[in-house]
Peer 1: 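I'd like to ask you about the structure that follows.
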2 protein chains.
Amino acid sequence: MTEPTRPMRRQDIRRENEKAILLAAEKVFAEAGFGGATMQLIADLAGLPKANLHYYFATKEELYRSVVQNIFEIWLQAANCFDAARGPVDGISAYIDAKMEISRRHADGSKVWASEVMHGAPVLQDYMESTLREWTDGRVEIIRRWIEEGKMDPVDPRHLLYMLWATTQHYADFGHQIETLNGGKSLSNRQWQEAKENIKRVILTGIGAQPA
Amino acid sequence: MTEPTRPMRRQDIRRENEKAILLAAEKVFAEAGFGGATMQLIADLAGLPKANLHYYFATKEELYRSVVQNIFEIWLQAANCFDAARGPVDGISAYIDAKMEISRRHADGSKVWASEVMHGAPVLQDYMESTLREWTDGRVEIIRRWIEEGKMDPVDPRHLLYMLWATTQHYADFGHQIETLNGGKSLSNRQWQEAKENIKRVILTGIGAQPA
DNA sequence: TTGCATCCTGACCGTATGGTCAGCTTTCAG
DNA sequence: CTGAAAGCTGACCATACGGTCAGGATGCAA
């Protein structure tokens, strides 16, 4: 115990409880899926009575929506790497780094996101048709320009993006499989590093954008 | 209606009903996850009363297990491509073709498989620790030999395999996302072909195993 | 034809789950 | 200090779901 008592302010209480609930929910949704998750389990993990969850989030759907939107924000932020870059080597390297960091630090969120998409994006369909589509179109344009400028081979930009998403996301979504094939141990720092380097090397070489 | 009545034989009845149930179950599990799927939904989709499902499959778990094992078999069969090959170009090309075909023809199964792994492989843990591990180790050895023989660059075989799994599986698991970014339309024959070619080209080039 | 094994199913049951609510405690502005 | 707003929660409810079962229908071997 750090403090004997804590005279929390209202603001703090709300913020901390919402945070605890969202964190617990992310984990439970990731492990059991939306249908398999129960409010009771989330409540227990968050250390709160179930009724308290419904005080902050009216319904299971609303809580789920919050979790999914959270991870979507994080996912989109990794986009910035792309824009600041001068060429494919910088841009794609940075993007892979960022996405791999997400796979590692937000494995649960990644799984929830994957689950949401796999089940037809019932919650995020709007975002996918607006924000995601715009983001993608923008990146496709950037890649197209790189190709025009001779900075990389003429690879279909969309399929290249899918490849980046797939390879990086895989380390979160299929982390359990990777762990099992790694002797039941989660990847070490070194192994994560190797994974990143491998992806970068194969893809950058594969699109003819080798570092100078 | 094709036939007025059908004097089915017992054998046929069992086979056809099990098949119908498994097909329906695969779809429902893919769309809703294990927890979200209901026996009633599966029964409706299969065109049978719910109680009849329990006649063929005692429990929801047993039905789910059958579905997962089915797709695992298919998944493993794609392995043969690897063995018959003389070098990385043949082997990896054939494997990508096979896995992409699975992503296209068995999208539901692929999703169920992904879901199973994402949730910690509660059903398939044994298989993963035995069959899958053996298969993987064998393929790692093959790739290592290719590297020794100078047929490709020294890329970590395991991470290469993960890359192959990820890129191909992505077209099934994230098919909805891809569809949305494709203007709401599923990929055409031509687009599937392009996807395959792109993956092959980038990866084969990326590992320094260009066709002669 | 007969008898039996297989196949089928409507009706039912116990339980778990999402959600509600009345009433309590705590915070804090005035 | 005070009252209202915010925070909290045990007990409760309706429903949906997995699973059961008694008994009827059907095929099939002898």
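Protein chains get the first letters and strands the later ones, always in sequence-line order, with residue 1 at the start of each.
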Peer 1: Report, as a single string ordered 5' to 3', how protein heavy atoms within less than 4.0 Å touch nucleotides 9-19 of chain D: B base, S sugar-phosphate only, - not at all.
Peer 2: BB------SBB
Peer 1: Only distances under 3.5 Å count here; give the side-chain donor-acceptor pairs of residues 20-44 of chain B to other protein atoms, sequence neighbours excluded, each with its distance to 0.1 Å.
Peer 2:
residue	atom	partner	partner atom	Å
B:T38	OG1	B:L41	N	3.1
B:Q40	NE2	B:D44	OD1	3.1

Peer 1: Starting at CD1 of A:I13 and ending at C1' of C:dT25, how long is that distance when rounded to a whole Å?
Peer 2: 11 Å
Peer 1: Looking across every strand, which nucleic acid part, if any, lies under 4.0 Å from B:F57 by heavy atom: base, sugar-phosphate, or nothing?
Peer 2: nothing
Peer 1: Inspect the contact between B:E197 and B:R201 and indicate whether a charged nitrogen and a carboxylate oxygen are less than 4.0 angstrom apart.
Peer 2: no
Peer 1: Nearest-Å distance, CD (A:E18) to P (D:dA6)?
Peer 2: 14 Å
Peer 1: Indicate the ring-plane relationship of B:W113 and B:F72, choosing parallel, tilted or perpendicular according to the 30° and 60° boundaries.
Peer 2: parallel
Peer 1: Tell me, please, which residues at least two apart from B:H159 pass ring pair (Phe, Tyr, Trp, His ring centres under 6.0 Å).
Peer 2: A:Y171, B:Y162
Peer 1: Applying side chain to side chain contact (heavy atoms under 4.5 Å, CB included) between A:R104 and each of A:T168, A:N189, A:L187, report the one that passes.
Peer 2: A:N189
Peer 1: Nearest whole angstrom, please: distance from the C1' of C:dT9 to the OH of B:Y56.
Peer 2: 12 Å
Peer 1: Starting at atom CG of A:D44, determine the distance to atom P of C:dT17, rounded to an integer number of angstrom.
Peer 2: 11 Å
Peer 1: Look at B:R14 and C:dC7 and indicate whether a side-chain polar atom (N or O) is within less than 4.0 Å of OP1 or OP2.
Peer 2: yes
Peer 1: CG of A:L63 versus P of C:dT17: gap in Å, rounded?
Peer 2: 16 Å
Peer 1: Does a side-chain N-to-carboxylate-O contact under 4.0 Å join B:E194 and B:R190?
Peer 2: yes
